[in-house]
Number of protein chains: 2
Amino acid sequence: MNDESGVERPRIGRREAQRQATEQAILTAAETVFAEAGFGGATMQLIADLAGLPKANLHYYFATKEALYRAVVERIFVIWLRAADAMDGAEGPAEGIGAYIDAKMEISRRHPNGSKVWASEVMHGAPVIQDYLETTLRDWTAGRVEVIERWIAEGKMAPVNPEHLLYMLWATTQHYADFNHQIETLNGGRRLTAAEWAKAKASVKQIILRGIGVV
Amino acid sequence: MNDESGVERPRIGRREAQRQATEQAILTAAETVFAEAGFGGATMQLIADLAGLPKANLHYYFATKEALYRAVVERIFVIWLRAADAMDGAEGPAEGIGAYIDAKMEISRRHPNGSKVWASEVMHGAPVIQDYLETTLRDWTAGRVEVIERWIAEGKMAPVNPEHLLYMLWATTQHYADFNHQIETLNGGRRLTAAEWAKAKASVKQIILRGIGVV
DNA sequence: TCCAATTCTGACCGTATGGTCAGGCTTCAG
DNA sequence: CTGAAGCCTGACCATACGGTCAGAATTGGA
């Protein structure tokens with residue numbers, strides 16, 4: 001039963017690994033609670049219960065409720081930005097925007113809670129991530145606008161306003177996460193099946209791609 | 001100075017009129033606070049301050065925070081449904097869906113707080129208006145789906161999935177209210193001007209109407 | 001004018017919440 | 001093996017919140 005006799009363990013150490021695992025468990029629990037109750041309605045006790053540790057211990061990892069919330073929001077932002085890569089290096093709008101829609105729909109499907117926390121944060125005036133909006137997001141947006149304008153100039157798509165096209169992409173894809181409860185209710189109270197998700201993706205791409213003169 | 005000598009006043013009475021005015025002031029204040037802080041983050045004290053009356057008096061008009069919140073949500077729902085009329089009695093999709101987009105964009109512009117409260121309510125699982133979703137909204141949706149299917153059958157528009165088209169309409173138009181802070185930040189920190197709103201409307205209509213094979 | 005109904009209000013209460021802390025427990029380098 | 005550093009925890013505290021209440025002020029019909 002001597003660990004030292006076996007394969008070398010990664011040098012991260014049990015302790016550090018445990019810490020990271022606990023942190024992730026807390027962040028996931030917090031994401032759920034913040035999504036379901038909002039920042040004001042969420043309680044540290046609820047998050048602690050869901051993460052399976054005492055409230056006092058939660059405060060050992062995250063000093064304040066705000067610090068925990070900020071960590072949750074930043075975690076989402078990273079995922080969100082990663083989908084942006086889907087749009088890069090594409091030949092034209094059919095490929096680039098199509099892939100971006102696919103990527104964002106997949107995020108809505110797999111991280112609905114994260115999307116909700118993000119939406120809630122922005123709706124309340126972005127008290128925590130205002131700087132991200134003004135730097136990272138603004139830069140990213142400007143870059144994509146250029147790409148779209150180039151595609152238009154090259155005659156690869158219809159001349160539409162690039163900013164409003166981006167807003168439409170965000171709105172439509174995130175709607176499937178933020179309003180999933182409404183969608184499920186209108187779907188007879190049932191979650192969307194894999195086939196229904198595929199149909200949703202196809203419908204969104206069909207309308208938007210045709211809407212910008214592609215396909 | 002005798003009121004009785006003049007024209008007959010509406011039989012509503014000063015008292016009743018005052019009561020209704022106070023109620024509306026409270027509802028508007030509550031809408032703002034709920035939109036900015038969420039249900040959990042809103043406090044009766046803040047709402048009372050914004051409405052300009054003592055907290056105890058607020059409780060005279062609305063017994064509990066939940067009752068006040070419910071009144072706010074119902075008030076929004078009515079406005080929301082009224083926009084639905086824009087889609088009725090239209091010859092075809094160009095007219096009907098175009099008018100619906102215009103109406104919903106106008107609501108986003110004039111009632112952003114209402115839209116946010118609605119979005120927040122749905123995001124949190126619709127604890128208060130679940131019955132509306134299952135009755136009024138479901139019926140309304142079914143009716144519009146029929147209309148769209150008829151238009152498709154008559155060859156007036158491309159064959160798209162009606163439900164997902166409706167989701168796209170809701171998502172896109174409401175985005176301009178719910179995410180107005182993000183849009184304003186990307187707009188250089190400035191609110192949209194009348195001209196910019198017109199451009200937004202035109203862009204949305206252009207892409208969606210072309211997307212469904214109209215125009 | 002009078003008085004009953006309605007509206008308003010400051011002071012108060014119980015509870016729930018975010019956060020603290022002293023001290024116990026576990027891990028691991030030397 | 002040992003002890004210091006890191007991790008965990010029950011009990012506790014101050015505060016802020018939703019809601020109550022007794023009674024004052026106002027209104028309007030008779």
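In what follows, chains are A, B, ... by sequence order, proteins preceding strands, each numbered from 1. Treat the numbers as computed from the prediction; the structure is a model and nothing was measured.
- Counting to the nearest Å, the C1' atom of C/dT26 and the CG atom of A/N57 are 13 Å from each other.
- The nearest heavy atom of DNA chain C to A/A56 and to A/A42 marks one nucleotide each, and the one closer to the 5' end goes with A/A42.
- In this structure, CG on A/L166 lies 5.5 Å from CH2 on A/W140, to the nearest 0.5 angstrom.
- The distance between atom OH of B/Y61 and atom P of D/dG19, rounded to the nearest whole Å, is 18 Å.
- In this structure, A/M44 places its CE atom 15 Å from C1' of D/dT9, rounding to the nearest Å.
- Separating the NZ atom of A/K55 from the P atom of C/dC21 is a distance of 14 Å, rounded to the nearest angstrom.
- A salt bridge links B/E23 to B/R19: at least one charged side-chain nitrogen sits closer than 4.0 Å to a carboxylate oxygen.
- Note on A/R19: every side-chain N or O is 4.0 Å or more away from OP1 and OP2 of D/dG6.
- For the pair A/H181 and B/V122, the tightest heavy-atom approach, listed with the atom from each and the gap, is CB-O, 3.7 Å.
- Between the side chains of B/T64 and B/R70, no donor-acceptor pair is found at a separation under 3.5 Å.
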N/O-N/O pairs, protein side and nucleotides 27-30 of chain D side, under 3.5 Å:
residue, atom, partner, partner atom, Å
D/dT27, O2, B/R15, NH1, 3.3
D/dG28, OP1, B/R15, N, 3.4
D/dG28, OP2, B/R14, NH2, 3.3

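- In this structure, NE2 in A/H164 is found 12.0 Å from OG1 in B/T172, a value given to the nearest 0.5 Å.
- The CG atom of B/L46 sits 13 Å away from the P atom of D/dA16 (whole-angstrom rounding).
- A straight line from CZ of A/F39 to C1' of C/dT17 spans 12 Å, rounded to a whole angstrom.
- Whole-Å rounding puts the A/Q18 CD to D/dA5 C1' distance at 17 Å.
- Residue-level contact check: B/T22 touches neither bases nor backbone, having no heavy atom under 4.0 Å from any strand.
- A/F62 comes within 4.0 angstrom of no nucleic acid atom, judged by non-hydrogen atoms across all strands.
- In the set D/dG10, C/dG10, C/dG18, the nucleotide with an atom closest to the side chain of B/P54 is C/dG10.
- In summary, B/E106 and B/K201 engage in a salt bridge, as defined by a charged side-chain N under 4.0 Å from a carboxylate O.
- Ring geometry, B/F39 versus B/Y69: the interplanar angle exceeds 60°, so the pair is classed perpendicular (tilted spans 30 to 60°).
- Taking atom NE2 on A/H59 and atom C1' on D/dG6, their separation rounds to 19 Å, with Å as the unit.
- When the side-chain nitrogen and oxygen atoms of A/Y60 are compared with OP1 and OP2 of D/dG6, none of them lie within a distance under 4.0 Å.
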